[in-house]
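Shown next, in structure tokens, is the structure this report addresses.
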Amino acid sequence: MTSTQLRGAAARLHVSTHIRQALRTGDLLPGQRLIVQDLADQLGVTRSSVREALFDLASDDLVELVPNRGASIRVVSVEEAIQITECRSALERVCARKAAERANEAQRAELTRIGAQLRAAVAEGDLHAYSALNRKLHDLVIEFSGQVIAKRQLERLNVQMVRFQFRLALRSGRPQESLPQLLAIIDAVTSGDPDAADAATEAQLASVIDQLRMTEKLPLA
């Protein structure tokens, strides 16, 4: 791909999508510098497209723009992570209720499979798989809810939390503690019980907040 192949709004979106995805997968870390020329060369777009995308990401609090220093991935403090999780809880509880009401048979079967995979990951001590499955479960519940507005807001919030979620998943004993909470969400949604889905989601994210409050400073990079 070259700059002649992708320009304007398409190039801007391409850069933005690439950075968001890299944040979700952990390929970009908080505090990491973003070099305009490097991104332009890597993604086959113009420097102006990269700069425009960085402004878009800065407006979503994902990138920090410092005069004379350039752009970097914004660092989220523990206190801010707690506030983000409190907002996530309100939105995800809505999604859990809607998913319990709307999920079809195939979707419920998919959640049941995720539950089995979570159990296996914990039994095998595969923390990386467990962390990925945890995120996938939340994403699926949001998707199955059909709550487009909540999904849009959660995508913005969740991408800021990737490093915290990964570090918490690696904390000793955390998977064993959170597994029953995640399974409770699955059971409530698959049984079509909105109240139980709401309560299970609230309990699971309250547990995340408790874990964050125990942490004065998480290593983010």
Side-chain angles (χ1 to χ4, degrees), residues 21-27 29-30 76 78 81-82 84-93 95-100 103-145 151 154-155 157-221:
Q21 182 60 28
L23 277 169
R24 286 183 63 86
T25 59
D27 292 331
L29 306 178
V76 176
V78 173
I82 290 171
I84 289 171
T85 307
E86 289 170 343
C87 292
R88 280 183 59 207
S89 179
L91 291 168
E92 290 202 31
R93 287 170 61 190
C95 291
R97 295 188 69 90
K98 294 294 185 181
N104 59 39
E105 185 175 347
Q107 291 169 336
R108 292 177 182 180
E110 186 170 1
L111 293 177
T112 299
R113 286 193 295 272
I114 293 292
Q117 292 168 355
L118 282 164
R119 288 190 182 92
V122 172
E124 296 166 7
D126 190 342
L127 300 184
H128 293 273
Y130 176 80
S131 180
L133 287 165
N134 186 341
R135 291 197 302 272
K136 184 175 182 180
L137 169 60
H138 284 278
D139 288 345
L140 286 175
V141 171
I142 295 165
E143 179 185 341
F144 296 163
S145 74
K151 179 181 180 181
L154 283 164
E155 286 174 348
L157 293 172
N158 286 336
V159 75
Q160 300 180 58
M161 291 291 296
V162 169
R163 295 300 292 173
F164 285 94
Q165 293 163 352
F166 180 69
R167 294 290 183 178
L168 290 180
L170 296 181
R171 186 172 291 177
S172 178
R174 177 59 186 166
Q176 291 79 4
E177 176 188 7
S178 61
L179 176 62
Q181 300 165 353
L182 298 176
L183 295 178
I185 295 172
I186 292 171
D187 289 344
V189 172
T190 56
S191 65
D193 188 333
D195 291 338
D198 184 328
T201 301
E202 181 181 23
Q204 196 267 323
L205 288 169
S207 176
V208 172
I209 291 171
D210 288 342
Q211 288 289 318
L212 289 169
R213 284 182 173 144
M214 291 169 56
T215 308
E216 293 183 0
K217 184 178 181 181
L218 289 175
L220 295 180

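FYI, side chains are in, hydrogens and waters are out, and symmetry mates aren't considered; it's all heavy atoms of this structure.
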Margin query: Please check: side-chain N/O of S131 versus main-chain N/O of L127, any donor-acceptor pairing under 3.5 Å?
Written below: no
Note to self: With rounding to the nearest 0.5 angstrom, report the SG to NZ distance, C95 to K151.
What the structure shows: 10.0 Å
Check: Under a 4.0 Å N-O cut-off, is there an ion pair linking D195 with R97?
Finding: yes
Next item on the list: Check C87 against L157 and note the closest heavy-atom contact, atom names and distance.
Entry: CB-CD1, 4.0 Å
Notebook entry, point to check: Is it true that the side chains of R174 and S207 contain a donor and an acceptor less than 3.5 Å apart?
Noted result: yes
Note to self: Determine whether E143 and H138 satisfy the following criterion, side chain to side chain donor-acceptor pair (under 3.5 Å), listing intermediate values before the conclusion.
What the structure shows: CA-CA 9 Å; E143 179 185 341; H138 284 278; over 6 Å; no
Next item on the list: Locate the shortest heavy-atom distance separating L212 from I82; write the atom from each residue and the value.
Entry: CB-CG1, 3.7 Å
Check: Taking 4.0 angstrom as the limit, do E86 and R93 come out as a salt bridge?
Finding: no
Check: Quick one: CG on D198 to NZ on K98, what's the gap to the nearest 0.5 Å?
Finding: 11.5 Å
Item checked: Interatomic distance, L137 atom CG to I186 atom CD1 [nearest 0.5 angstrom] -> 4.5 Å
Check: Is any side-chain heavy atom of L118 less than 4.5 Å from a side-chain heavy atom of V122?
Finding: no
Check: Can you name the closest pair of heavy atoms from I142 and L154 and give their distance?
Finding: CD1-CD1, 3.6 Å
Check: Is E105 paired with R108 through a side-chain N to carboxylate O contact shorter than 4.0 Å?
Finding: no
Next item on the list: Find the distance between CG (N134) and CG (D139) and round it off to the nearest 0.5 Å.
Entry: 9.5 Å
Checklist line | Shortest non-hydrogen contact between T201 and A197, atoms and distance | finding: OG1-O, 2.8 Å
Next item on the list: Give the intermediate values and the outcome of side chain to side chain contact (heavy atoms under 4.5 Å, CB included) for residues E92 and N158.
Entry: CA-CA 11 Å; E92 290 202 31; N158 286 336; 4.2 Å; yes
Notebook entry, point to check: Which heavy-atom pair separates Q117 from L133 by the least distance, and what is that distance?
Noted result: OE1-CD2, 3.2 Å
Notebook entry, point to check: How about N104 and Q107: do any of their side-chain heavy atoms sit closer than 4.5 Å?
Noted result: yes
Checklist line | Within-4.5 Å side-chain heavy-atom neighbours: Q211 and E177 | finding: yes
Item checked: Heavy-atom side-chain contact between F144 and E110 under 4.5 Å -> yes
Checklist line | From L111 atom CG to L183 atom CG, the distance as rounded to the nearest 0.5 Å | finding: 11.5 Å
Margin query: Using 0.5 Å steps for rounding, measure from the CZ atom of R119 to the CD1 atom of I114.
Written below: 12.0 Å
Next item on the list: Write down the atom of V189, the atom of A96, and the distance for their closest heavy-atom approach.
Entry: CG2-O, 4.1 Å
